2 protein chains.
Amino acid sequence: MNLKQLSLMLELSQTTVSRALNGYPEVSEETRRRVTDAAKRHGYRPNPSARRLATGKAGMIGYVMPTGASVDIDPHFVEFLSGLGDYARGHELDLVLSPADALDEETTYRRIVANKQVDALYISAPYSADKRVALAHQLGIPFIVHGRSEGLEFDYPFIDIDNEGAFHDATRLLVQLGHKRVALINGDDTQTFAIFRERGVRRALSESGLVLEPKNIRSEVMTEENGYRAARRLLEAADAPTAIVCSSLLMALGIVRAARDLNLVMPRDLSLVSHDDVFHWLKPEHFSVPLTTTRSSIRAAGARVAERLAARISGLEDGARGEIWPVDLVVRGSISGVR
Amino acid sequence: MNLKQLSLMLELSQTTVSRALNGYPEVSEETRRRVTDAAKRHGYRPNPSARRLATGKAGMIGYVMPTGASVDIDPHFVEFLSGLGDYARGHELDLVLSPADALDEETTYRRIVANKQVDALYISAPYSADKRVALAHQLGIPFIVHGRSEGLEFDYPFIDIDNEGAFHDATRLLVQLGHKRVALINGDDTQTFAIFRERGVRRALSESGLVLEPKNIRSEVMTEENGYRAARRLLEAADAPTAIVCSSLLMALGIVRAARDLNLVMPRDLSLVSHDDVFHWLKPEHFSVPLTTTRSSIRAAGARVAERLAARISGLEDGARGEIWPVDLVVRGSISGVR
DNA sequence: ACGGCATTTCAAAGCGCTTTGGATGCCCTC
DNA sequence: GAGGGCATCCAAAGCGCTTTGAAATGCCGT
């Protein structure tokens, strides 16, 4: 059943039927009702390919997925997908994933924009002066950044959490508990979220006349193994830190293992605060010593990104508004006053 | 730059240019070269929307993503995505994710097929007599199942690992080490992979005259927490098992925690074998007691699925061939002879 | 010199929708 | 009763590609 058949059936022109269905004002309410009724009754659905060709709109949002033999997709990404689903389900909004060589994402960005494959883009885990953000801006396609980039010459719409505030508050709490030697086990520090987190830790320390010593800061891809390695190195040093702040539960897993290997009892010998992105499959309250965390759901952010992207596509949103979400500090058993 | 402009420029008809570019035989080699040269030089790229409208082919593969407020996307999914990227990158093959209400995926399947949004589908984590598989088969769209369904009236193409063999071999090893009371902590047992694994354990036990007692089998969504709960329940029972086989590293995490809470030393008091899907962020060799595992990379399977899907789209593959991949049994420190 | 047969090229008709630029009819005003 | 304004509706022209059916071209044998 296509438009032509439907219009023939209704003895109306395709124009009128199309307009009736798309809510244009220049069609009487009565015909509109006739049309929508008939459309529903016959299960008419406009062919998206035809519509796309005519309008240039794709009705989909895009994500360029960096891949490569030595590139692993972050498990945090599924949380984003869950969130996207929370919004997109019921809105018939699809996401097209375009795998790209991590070393040359630009080609893929250009391709999907030139091809009009998607109406808007989602960009995640930005770097400083992120090229993808600059490119999307330049190409003029609507987009939303999940996270923030710094050092760009223009404003852009984003959703981010208050990483600096979260890590500041966590560190301040540790300092208030008497910790002088606080270490940070961070994620990849070319990404802005890690930069902000480091900034937060530094600020909290300096507010009490303390410093984050270079040897007390580690940054690596957020895996269990890297958490373990970093913690071993920190904790075996001469002036080992008495408290660690880390960027992911995955790393926390490794840190706990390292502490155990070194016969350190938490929180007596080591206090630990981790950031928690809210995974359903690994929860901070279920660590052998329940973890104090800075908590912010990626899933919730994903839903919001989808919502704003949809708003941008339909023209309900424009401009470069950035949202910064506050982060909860959830205190559990993994921290205590310094001995 | 579109076809019309290009053909004008070359003083050829659109027909000829189109044919030259698409490798039809009825165009002389010389003109073909002229055309492809000019196309490259001017960066001509056929508009996919137009092509899609004309041919009905989308050039994309699809995945209907079950979502819902209480539905969490499995972190295993990112491994699949990495694998997909391994193949799709460089082939300009995109994946469209269509979020669907987990309780009504059929509507979404029908929509994306009716709309010709994708040329082929990927179906994962099938159930017995899986409705999605039946539906895809009935709708006549090419698809590949990652995993297997049972009790369907027809054959279909799939890629699966030898779950039964893997768990059989793991269990047999434990039995050979003297274990009589072996327990299984499985994933959701409405999914076929879990059914096969249980079958493998049972078969190995019965080969030695042993049985898998009902109280020694647990099946839940594969999370740390569920692993912990299941292990607690098993290990606190009267005739506690001396060995456990489990379906995921995530659950193994919880099992190890439970053992520790109960002051059981591994492998002295408890042997553990886990299935390992090969995550880069959590590795069995980096557990405090390195885990013996049945190992099979989801990522590799993802790449293969993408490859076969592409082959089906271009007509290079058809029929209902199923691939069953062998699984490695990797022995590490978490198992030992029974005391 | 001419018909027959490949080979190569083309004009035009879709694919199914949106949208431009009128028509048409009706009511109201002066 | 002419003219303007408004509400409805329509024919037809795209959007950029593929593909059908036919035409032009060149070559061969007779």
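Letters A, B, ... are given to chains in the order of the sequence lines, protein chains preceding strands, and every chain is numbered from 1. Note that this is a predicted model, so its numbers are computed, not measured.
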Notebook entry, point to check: What integer distance in Å separates Leu3(B):CG from dG14(D):P?
Noted result: 17 Å

Notebook entry, point to check: Taking for each residue the nucleotide of DNA chain C bearing the nearest heavy atom, is the 5' side occupied by Ala54(B) or by Glu26(B)?
Noted result: Glu26(B)

Next item on the list: Remember a base hit wins even if backbone is also touched, and classify Thr15(B) as base, sugar-phosphate or nothing at under 4.0 Å, heavy atoms.
Entry: base

Notebook entry, point to check: Where the side chain of Thr192(A) meets the backbone of Pro126(A), is there a donor-acceptor pair that is under 3.5 Å apart?
Noted result: yes

Next item on the list: Could you please name the option among dT18(C), dG21(C), dG16(C) that lies closest to any side-chain atom of Asn2(A)?
Entry: dG16(C)

Notebook entry, point to check: Contact class for Glu11(B) (heavy atom, under 4.0 Å): base, sugar-phosphate, or nothing?
Noted result: sugar-phosphate

Next item on the list: Hey, could you give me each pair passing salt bridge (charged side-chain N to carboxylate O under 4.0 Å, His left out) that has a residue in residues 76-86 of chain B? Not counting sequence neighbours.
Entry: Asp86(B)-Arg89(B), Asp86(B)-Arg299(B)

Notebook entry, point to check: In terms of the nearest nucleotide of DNA chain C, which residue is placed more toward the 5' end: Val17(B) or Thr16(A)?
Noted result: Val17(B)

Note to self: For dT19(C) and Tyr24(A) - does any side-chain N or O of the residue sit under 4.0 Å from the phosphate oxygens OP1/OP2?
What the structure shows: yes

Next item on the list: If the plane angle is over 60° it's perpendicular, under 30° parallel, otherwise tilted; pick one for Phe158(A) and Tyr156(A).
Entry: tilted

Check: Whole-Å distance between dC10(C) P and Leu10(B) CG?
Finding: 10 Å

Check: With respect to the side chain of Leu53(A), which nucleotide from dC17(D), dC17(C), dG16(C) is positioned closest?
Finding: dG16(C)

Next item on the list: Please check if the side chain of Arg34(A) supplies one atom and the backbone of Leu10(A) the other of a donor-acceptor pair under 3.5 Å.
Entry: yes

Checklist line | Value in whole Å for how far the P atom of dG14(C) lies from CD of Gln14(A) | finding: 13 Å

Next item on the list: Establish, with yes or no, whether the OP1 or OP2 oxygen of dT18(C) is under 4.0 angstrom from a side-chain nitrogen or oxygen of Ser18(A).
Entry: yes

Item checked: Per Thr31(A) side chain, nearest of listed nucleotides dC9(D), dC15(C), dC17(D) -> dC9(D)

Checklist line | Proximal nucleotide (of dT8(D), dT18(D), dT8(C)) relative to the Ser28(A) side chain | finding: dT8(D)

Check: So what does Ser49(A) touch, heavy atoms closer than 4.0 Å: a base, only the sugar-phosphate, or nothing?
Finding: nothing

Note to self: Of the options dT18(C), dC17(D), dT20(C), whose atoms approach the side-chain atoms of Ala50(B) most closely?
What the structure shows: dC17(D)

Margin query: Rounding to an integer number of Å, can you tell me how far Arg52(B) CZ sits from dC17(C) P?
Written below: 15 Å

Checklist line | End-to-end axis angle, where each axis spans five pairs of the helix from dA1(C)-dT30(D) to dC30(C)-dG1(D), to 10° | finding: 60°

Note to self: Parallel, tilted or perpendicular: which one describes the rings of Phe77(A) and Tyr122(A), with boundaries at 30° and 60°?
What the structure shows: parallel

Next item on the list: Taking only Lys NZ, Arg NE, NH1 and NH2, and the carboxylate oxygens of Asp or Glu, determine whether Glu29(A) and Arg32(A) approach each other closer than 4.0 Å.
Entry: yes

Checklist line | Polar pair under 3.5 Å, donor/acceptor by atom type, side chain Thr55(B), base dT19(D) | finding: no

Next item on the list: Please confirm whether the backbone N or O of Ala129(A) pairs with a side-chain atom of Ser149(A), one donor and one acceptor, at under 3.5 Å?
Entry: yes

Check: Under the side chain to side chain contact (heavy atoms under 4.5 Å, CB included) criterion, do Arg308(B) and Arg321(B) qualify, and how do the steps go?
Finding: CA-CA 10 Å; Arg308(B) 288 188 61 187; Arg321(B) 193 162 53 82; 4.0 Å; yes

Item checked: Euclidean distance, atom NZ of residue Lys57(A) to atom C1' of dT18(C) [Å, nearest integer] -> 14 Å

Note to self: Below the 4.0 Å mark, does dT18(C) have OP1 or OP2 next to a side-chain nitrogen or oxygen of Asn22(A)?
What the structure shows: yes

Note to self: From the set dC17(D), dT20(C), dA11(C), return the single nucleotide nearest to any side-chain atom of Arg51(B).
What the structure shows: dC17(D)

Item checked: Gap between atoms NZ and P, on Lys4(B) and dC10(C) respectively (whole Å) -> 16 Å

